[in-house]
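Heads up: the structure comes next, in structure tokens.
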Protein chains: 2
Amino acid sequence: MLASVNEWTSVRGQAQDNRQSGSATLQEVARAAGVSLATASRAFNGSATRTVRPDLRERVLAAATALNYTPNANAQAMARGTTNLVGLVVHDIADPFFSAIAAGVMRAADEHGLIVTMGSTQRDPAREVEYVAALRQQRARVLILAGSRFADGETSERLGVEVAAFQAAGGQVAAISQQKLPVNTVVVGNRSGAAGLATTLHGLGYRSFAVLAGPPELLTARDRLAGFRAGLAKVGAELPAGRVVAGEFTRDGGYAAMSELLHRGTDATCVFAVNDVMAVGAMAALRDHGVRLPEEMAVAGFDDIVTLRDVTPALTTVRVPLEDLGVWALRLAVQPPADKPRTQRIRGEVVIRESTPDRSS
Amino acid sequence: MLASVNEWTSVRGQAQDNRQSGSATLQEVARAAGVSLATASRAFNGSATRTVRPDLRERVLAAATALNYTPNANAQAMARGTTNLVGLVVHDIADPFFSAIAAGVMRAADEHGLIVTMGSTQRDPAREVEYVAALRQQRARVLILAGSRFADGETSERLGVEVAAFQAAGGQVAAISQQKLPVNTVVVGNRSGAAGLATTLHGLGYRSFAVLAGPPELLTARDRLAGFRAGLAKVGAELPAGRVVAGEFTRDGGYAAMSELLHRGTDATCVFAVNDVMAVGAMAALRDHGVRLPEEMAVAGFDDIVTLRDVTPALTTVRVPLEDLGVWALRLAVQPPADKPRTQRIRGEVVIRESTPDRSS
DNA sequence: TCCAGATCGGAAAACGCTTTCCAATCACGG
DNA sequence: CCGTGATTGGAAAGCGTTTTCCGATCTGGA
């Protein structure tokens, strides 16, 4: 007798603890509507093969509203075996480059009724791996890797392993601007854009260039440098040794790299920073060193970050439709999985502004 | 006989369909380690009261690694009755104001082992409500509302209802810079910051002001305007009628508002835009209209957006530690729920730069 | 050597939902 | 009026965990 009471109370106790108190369950809705659990479920999901009588459906919906019922997404995920979660991994959400991409991903996700979760790795490859692992644990349906590193062997391999595990668990993957992983990829025309920029600048009369390159292990940075070189080569110009300074892919990195270049002393008349954020840092450095802009030194960037459209002098750059990058990445990812990873190529467009005035005349 | 075969195959079929193929289950790990399901679970969660023998624990962990096992977060959520999801709702993730806050939230969430999901409402109050509903459905543990609208009655009320439902379901809530909802709030010293800016500008010798205000229904914008007015009043100055122009809370809104002001004609010598992004738009408008900066018109903003630190002339503004706002919001939210909503006050700091040179001499 | 007490493993229930399978109900033509 | 087929409601299994309760095994003391 006592035992039985004990059992009862303890079971009750557990039930209460576990319950998200206040959230009605489908079972309760069904009871309120006077139908079975199955019918209530069908009233919501309205399968094509099995219909529920209109009046019953009405009753269920009304009961749901009355009880302020919302389906428990976790329970649905369990029963259905799939979620509607999109995981987006970026280097730094406060960097306008990534927040623009994020905006695109979220817009596209919205169209598909998906929810976006984000992780900001602060450019730490280890955290990138961690985050992918967390998303696998969440059984996210889609993983989007933005700005993945072209890192040293070990971490890069661990990322590959995690991504493979994610896919093995049934997840879809897309990456932006990488080439290592065998996944759907949106590739930015970094080489062609930078090459186009180089020839255009040459056409404007510039002959002596320097480049503020990003970290050597960052693929995007490498490609832009290589493209710029190739573009110069095409018009018979070149980038002498000592004219390339590596730096962080940030505003401060650009500032530091430009300072370094000035410190070394240079006769370049035009400097190409491999992204806009670095270019802005470079402009600040030039100003701080009393170099007149753009008369004594012209500056060009890459990306055409919207937030930076109003710097003075207005920055010559290569416009990349960043938000579209995000949109395309999600679209690639949600397509029915193919045998081979797909690729979507997006080209940049050279935009000449005041920071590189015409010198040809 | 046939029926039984049918049953078997269909059950099998369902099992296969529902399974996230490739993801090992705890059951499988347990079997591989030669222990029971319960023991395997305990090996991972290591409750204080119930321990598992070290050698068994080792076996389980090894089996898990071998099978590449990850716990299913959805199943855990069901069993535990709670998730580790944080929902963050912002107006526009591409706006540096919000991406800075997001960075802060993510940093703090990371410390607590929480995962952040984000929704960008594009300043549409209806989508804000939708997003909160989605988070309730996910049974998110924490909801953070950044830049909530001080909207018209109806939508605002619907938001209130949704938020209440979220709380009723056991969720914790924090908001940034709002006063309507009875939830934990991080309040920014908008009034005091703007007032400080006004008196400082007055001290620099400015006497004739204009304000590019945000949308009237946005609480933050109203407070900054009111604070600026109050600051002027304190030093015996005022803001005549016709010197306040409303506009969107964006770069283009600032551009439009400034254009409008110039179009009307004004003898103001200093214009205060209620945020930095608008201020930058205003500077662009001034430039396009041939007004010299800062000689003919001084400009001040609010927020001290990092990405905009390098505009020229450098922008006078009120520095708000945006990332800290996010950190504090999360901290408030994860504190054990109190009977009364808590408030964390964060003050801004006036930063004078070149856009408002000293006129007093 | 044996027993009390402590320790630890395992069966089973519970979380909230979806979906299958079967049975009951209904309309209808012969 | 009855049998047939189409339609729809409901019971139950299953998704992958956590946690309780009970029973089995071990330790050490007399």
Side-chain angles (χ1 to χ4, degrees), chain A residues 3-4 6-21 23-31 33-47 49-57 60 69-83 137 139 169, chain B residues 3-4 6-21 23-31 33-47 49-57 59-60 69-83 137 139:
Chain A
S4 121
N6 255 337
E7 194 178 346
W8 185 83
T9 48
S10 71
V11 165
R12 242 340 247 172
Q14 189 201 353
Q16 284 185 334
D17 286 348
N18 272 359
R19 269 290 291 290
Q20 295 261 7
S21 50
S23 265
T25 69
L26 185 55
Q27 181 66 262
E28 288 164 7
V29 171
R31 192 156 30 229
V35 302
S36 83
L37 179 57
T39 305
S41 175
R42 287 197 273 255
F44 283 107
N45 304 324
S47 118
T49 52
R50 299 292 275 94
T51 67
V52 356
R53 236 190 311 143
D55 58 324
L56 286 194
R57 164 195 234 85
V60 172
Y69 167 78
T70 311
N72 182 326
N74 292 298
Q76 290 182 314
M78 287 240 50
R80 300 210 243 249
T82 173
T83 66
Q137 181 161 356
R139 300 299 189 267
Chain B
S4 121
N6 254 338
E7 193 178 346
W8 186 83
T9 48
S10 72
V11 166
R12 242 340 247 174
Q14 188 201 353
Q16 284 187 334
D17 286 347
N18 273 1
R19 271 288 292 291
Q20 295 261 9
S21 49
S23 265
T25 69
L26 186 56
Q27 181 67 261
E28 288 164 6
V29 171
R31 191 155 30 228
V35 301
S36 82
L37 180 57
T39 305
S41 175
R42 286 197 275 255
F44 284 107
N45 304 324
S47 114
T49 52
R50 298 292 275 96
T51 68
V52 350
R53 236 189 312 144
D55 58 323
L56 286 192
R57 165 197 233 84
R59 286 226 307 268
V60 172
Y69 167 79
T70 310
N72 182 326
N74 293 121
Q76 289 183 314
M78 288 240 49
R80 299 211 242 249
T82 173
T83 67
Q137 180 161 355
R139 300 301 187 268

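Heavy atoms only: backbone and side chains are in, while hydrogens, waters and symmetry mates are out. What you see is a predicted model, and the numbers here were worked out from it, not measured in a lab. Convention: sequence-line order gives letters A, B, ...; per-chain numbering from 1.
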For Phe44(B) and Val60(B), work out which heavy atoms get closest and say how close. CE1-CG1, 4.1 Å

Just the rounded figure in Å: distance from P of dG16(C) to CD of Glu28(A). 8 Å

Rounded distance (nearest 0.5 Å) linking atom OG1 of Thr51(A) with atom CZ of Arg57(A): 8.5 Å

Side chain proximity check, Arg80(A) to Asn45(A), heavy atoms < 4.5 angstrom: yes

Between atom CG in Leu26(A) and atom C1' in dT18(C), what is the gap in whole Å? 10 Å

Answer with base, sugar-phosphate or nothing: what part of the nucleic acid does Tyr69(B) contact at a heavy-atom distance below 4.0 Å? sugar-phosphate

State, yes or no, whether a side-chain contact exists between Asn74(A) and Gln76(B) at a heavy-atom distance under 4.5 Å. no

Report the distance from atom CG of Asn72(B) to atom P of dC15(D), rounded to the nearest whole Å. 12 Å

Check the phosphate of dC17(C) against Gln27(A), side-chain N and O only, distance under 4.0 Å to OP1 or OP2. Yes or no? no

May I have the distance from Gln137(A) (atom CD) to dT17(D) (atom C1'), rounded to whole angstrom? 12 Å

Show each protein N/O and nucleotides 4-10 of chain C N/O combination with a separation under 3.5 Å, one pair to a line.
unit_1	atom_1	unit_2	atom_2	d
dC8(C)	OP2	Thr51(B)	OG1	2.9
dG9(C)	N7	Arg50(B)	NH2	2.6
dG9(C)	O6	Arg50(B)	NH2	2.5
dG10(C)	OP2	Ser36(B)	N	2.8
dG10(C)	OP2	Ser36(B)	OG	3.4
dG10(C)	OP2	Thr39(B)	OG1	3.2
dG10(C)	N7	Arg42(B)	NH2	2.9
dG10(C)	O6	Arg42(B)	NH1	3.3
dG10(C)	O6	Arg42(B)	NH2	3.1

Would you sketch DNA chain D in dot-bracket for me? Only Watson-Crick or G-U wobble pairs with both distances under 3.5 Å count, crossing pairs as [ ], other-strand pairs as |, the rest as dots. ||||||||||||||||||||||||||||||

Report yes if a side-chain nitrogen or oxygen of Asn45(A) is closer than 4.0 Å to either non-bridging phosphate oxygen (OP1 or OP2) of dT18(C); otherwise report no. yes

Nearest-0.5 Å distance that lies between atom OG in Ser36(B) and atom CD in Gln27(B): 8.5 Å

Check whether any side-chain heavy atom of Arg139(B) sits under 4.5 Å from a side-chain heavy atom of Thr70(A), and report yes or no. yes

Given atom CZ of Phe44(A) and atom P of dC17(C), what is their separation to the nearest angstrom? 9 Å

With a 4.0 Å limit, can you tell me whether Gln76(B) has a side-chain N or O closer than that to the phosphate oxygens OP1/OP2 of dG16(D)? no

dT18(C) phosphate, OP1 or OP2: any side-chain N/O from Ser41(A) under 4.0 angstrom? yes

Minimum-distance pair of heavy atoms, taken over all atoms of Ala77(A) and Thr83(A): CB-CG2, 3.8 Å

